[in-house]
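Residues take their numbers from the sequence shown, with the count starting at 1.
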Amino acid sequence: MTVAKEPSALNFECETGNYHTFCPISCVAWLYQKIEDSFFLVIGTKTCGYFLQNAMGVMIFAEPRYAMAELEEGDISAQLNDYEELKRLCEQIKRDRNPSVIVWIGTCTTEIIKTDLEGLAPKLEAELGIPIVVARANGLDYAFTQGEDTVLAAMANRCPEKAPVSETDKSDRNAIQKLLNFGKKKEDIAQEESEYVDHPPLILFGSLPDPVVTQLTLELKKQGIKVSGWLPAKRFTELPVLEEGYYVAGVNPFLSRTATTLMRRRKCKLIGAPFPIGPDGTRAWVEKICSVFGITPTGLDEREAQIWENLEEYVKLIRGKSVFFMGDNLLEISLARFLVRCGMTVQEIGIPYMDKRYQAAELALLEKTCQEMGVPLPTIVEKPDNYNQVQRIYELKPDLVITGMAHANPLEARGINTKWSVEFTFAQIHGFGNARDVLELVTRPLRRNNNLKDLGWDKLVREEAKV
């Protein structure tokens, strides 16, 4: 794989601030819903349990497929038998829920006391007859979204090298195919099979809602590209086959560990593309995949132009305005690039962690977009010091600050428009069709304030609050 050169014109800085993000064990919130036959067991202290209850308590009545194994003093002081305790819990999970896979999520405490989860899992897996995947998605990571990265990297090692096909599977597949082709002419069936170009298998990685998975798969199908599988799949038993030489492409900028695992362990070839966020990013993503397979893309100009036309009512609200990213979820570079294309000026991009190799194509597109739009290149600050950032926000006076939840209310109290960055993590923001959802989130505080001013609220905060 040829790694693209880092953009030399972008200014990178690194401060010494803390990581003001959620704990990565929050990845359980969306992964247990994505992998339908899974069960997640978080192994940590009561603090971890409190966090999960607060972060995901709204779903408690849905009987979610996750649980908390709370470490007691006896566990931490090594007076209890870890294996027996975990065996008891996993037996109960198997009895009550019967999942296809149990994912152990290690926390900070298991790291500190050196719990040998990787050593315990294979033995227990053999006893129970259920795959046990170990992922250490703990607070030692840079951002909470990297919890998914850890889980997917662990699952990449469980992907089969060849699809196991029994005689029963063959007959089932033939029966399904006959049902799908029922009523179709032979000419139509042959045409459907000829829609794809002959190219090496392509696996996409990143956890997305099913409608978005379908959208991106269809976008590639329009170019004759067949997606051979997704990591993660809807079911653990349907993990994609990974063989040496397969091509892989990511859909999120926080999956660098998964990309490394796919390249080094599974010998796959990574397609270094910008990420499919916004019409410009989605087009660049499709074009890059097409170029790797020697395909000339068609219809992308019209597709992108149509999306931009549909977004104009939102774009006109933010065109010419400024935005400041404090840094939270590692989506900052992609979102900044899209907002620059919308006509905004990005004053600073704070980001907890910057993998310049994995995001090389995205950084190059950001630089190109700024030059085409005639706006200054933003400064990218890795691991920002929030005290210094707040001082810069006072000085720069941005129209909007995209920040973590901890700083949103204090900034609002000082008359600064904010948007929670975590909302972009849980919203559907990928692909052509979801660009509107991104701008719906970005413009919401601006539209809210405009509506309040129309009602006579010229001052939205008390004067004495401005310190």
Side-chain angles (χ1 to χ4, degrees), residues 21-40 42 52 55-56 59 62 64-66 99-105 131 133-137 141-159 202-217 219-220 227-240 242 248-262 268 270 273 275-277 281-282 285 328-331 334-335 358 421-431 433-434 437-438:
T21 73
F22 280 145
C23 176
I25 65 174
S26 58
C27 71
V28 172
W30 60 89
L31 285 177
Y32 89 82
Q33 297 179 74
K34 175 65 181 179
I35 310 169
E36 296 177 352
D37 58 349
S38 63
F39 194 97
F40 285 78
V42 182
L52 287 178
M56 297 184 282
M59 298 179 244
R65 295 181 309 280
Y66 68 86
S100 296
V101 61
I102 298 175
V103 183
W104 286 355
I105 302 293
V133 175
V134 178
R136 295 186 177 274
D141 280 330
Y142 306 102
F144 72 97
T145 48
Q146 289 180 289
E148 176 185 326
D149 191 21
T150 306
V151 174
L152 296 193
M155 286 197 169
N157 291 317
R158 294 301 190 103
C159 290
L202 170 67
I203 306 297
L204 302 180
F205 60 94
S207 176
L208 297 178
D210 291 341
V212 185
V213 168
T214 302
Q215 290 174 28
L216 294 180
T217 302
E219 292 295 343
L220 293 175
V227 178
S228 299
W230 280 80
L231 177 68
K234 285 185 67 174
R235 301 181 65 83
F236 181 78
T237 54
E238 299 171 357
L239 284 176
L242 288 177
V248 294
V251 296
N252 273 320
F254 48 75
L255 300 175
S256 57
R257 185 181 291 134
T258 304
T260 301
T261 301
L262 291 169
C268 296
L270 177 67
F275 302 100
I277 296 174
T282 305
W285 182 75
D328 182 41
N329 55 13
L330 303 190
L331 294 171
S334 300
L335 291 173
Y358 182 57
S421 51
V422 71
E423 292 187 65
F424 296 95
T425 308
F426 292 95
Q428 297 184 15
I429 63 173
H430 297 76
N434 293 314
D437 290 1
V438 181

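The side chain to side chain donor-acceptor pair (under 3.5 Å) search around Ser421 returns Asp328, not counting sequence neighbours. Contacts of Ser100 classified as side chain to side chain donor-acceptor pair (under 3.5 Å), with partners at least two apart in sequence or in another chain: Asp37.
Taking CZ from Phe424 and CG from Asn329, the interatomic distance works out to 8.5 Å, rounded to the nearest 0.5 Å. Here Leu31 contributes atom CG and Leu152 contributes atom CG; the two are 6.5 Å apart, rounded to the nearest 0.5 Å. Here the straight-line distance linking atom CZ of Arg257 with atom OH of Tyr358 works out to 12.5 Å at 0.5 Å rounding. Between the CH2 atom of Trp230 and the OG atom of Ser207 there is a distance of 9.5 Å, given to the nearest 0.5 Å. In this structure, Ile35 CD1 and Leu239 CG are separated by 7.5 Å, a value rounded to the nearest 0.5 Å.
Residue Val28 is tested with Ile105, Val151, Val103 for a side chain to side chain contact (heavy atoms under 4.5 Å, CB included); the sole match is Ile105.
Annotation: side chain of Leu331 is in contact with side chain of Ile429 (closest heavy-atom distance under 4.5 Å). When side chains are defined from C-beta on, Phe275 counts as touching Pro253, because their heavy atoms get closer than 4.5 Å.
Minimum heavy-atom separation, Leu270 to Ala259: CD2-CB, 4.1 Å. Nearest approach of Leu255 to Gly206, heavy atoms of both residues: CD1-CA, 3.5 Å. Contact between Cys27 and Ala137 at its shortest, heavy atoms only, is SG-CB, 4.4 Å. Across all their heavy atoms, Arg158 and Val133 have their closest contact at CG-CG2, 4.0 Å. Leu242 and Ala156 get closest at one heavy-atom pair: CD1-O, 4.0 Å. The two atoms that bring Pro240 and Cys159 nearest to each other are O-CB, 3.2 Å, heavy atoms only.
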Q.
Please evaluate residues Trp285 and Val251 with respect to the criterion side-chain contact (heavy atoms from CB on, under 4.5 Å), reporting the C-alpha separation (whole Å), side-chain torsions for both, the decisive distance (0.1 Å), and the verdict.
A. CA-CA 9 Å; Trp285 182 75; Val251 296; 4.0 Å; yes
**Q.** Verdict with supporting geometry, Arg136 and Thr150, side-chain hydrogen bond (donor to acceptor under 3.5 Å, both in side chains)
**A.** CA-CA 7 Å; Arg136 295 186 177 274; Thr150 306; over 6 Å; no
(Q) The test is side-chain contact (heavy atoms from CB on, under 4.5 Å); show your working for Leu202 and Leu220 and say whether it passes. (A) CA-CA 11 Å; Leu202 170 67; Leu220 293 175; 4.1 Å; yes
Q.
Does Leu262 form a side-chain contact (heavy atoms from CB on, under 4.5 Å) with Ile203? I'd like the steps, not just the answer.
A. CA-CA 10 Å; Leu262 291 169; Ile203 306 297; over 6 Å; no
Q: Please test Leu208 against Gln215 for side-chain contact (heavy atoms from CB on, under 4.5 Å), starting from the C-alpha separation and ending with a verdict.
A: CA-CA 11 Å; Leu208 297 178; Gln215 290 174 28; over 6 Å; no
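Judged by distance alone, with hydrogens and angles left aside, the side-chain atoms of His430 form no donor-acceptor pair with the main-chain N or O of Val212 at under 3.5 Å. Looking at Gln428, its side chain never comes within 3.5 Å of a backbone N or O of Pro209 through a donor-acceptor pair. A donor-acceptor contact shorter than 3.5 Å is absent between the side chain of Asn252 and the backbone of Phe254. Looking only at distances, a side-chain donor or acceptor of Thr258 sits under 3.5 Å from a matching main-chain atom of Asp149.
Annotation: salt bridge (Lys or Arg N to Asp or Glu O under 4.0 Å) contacts involving residues 25-36, sequence neighbours excluded, comprise Lys34-Asp210, Glu36-Lys234.
Classification of the Trp30-Phe426 ring pair by plane angle, with boundaries at 30° and 60°, yields perpendicular.
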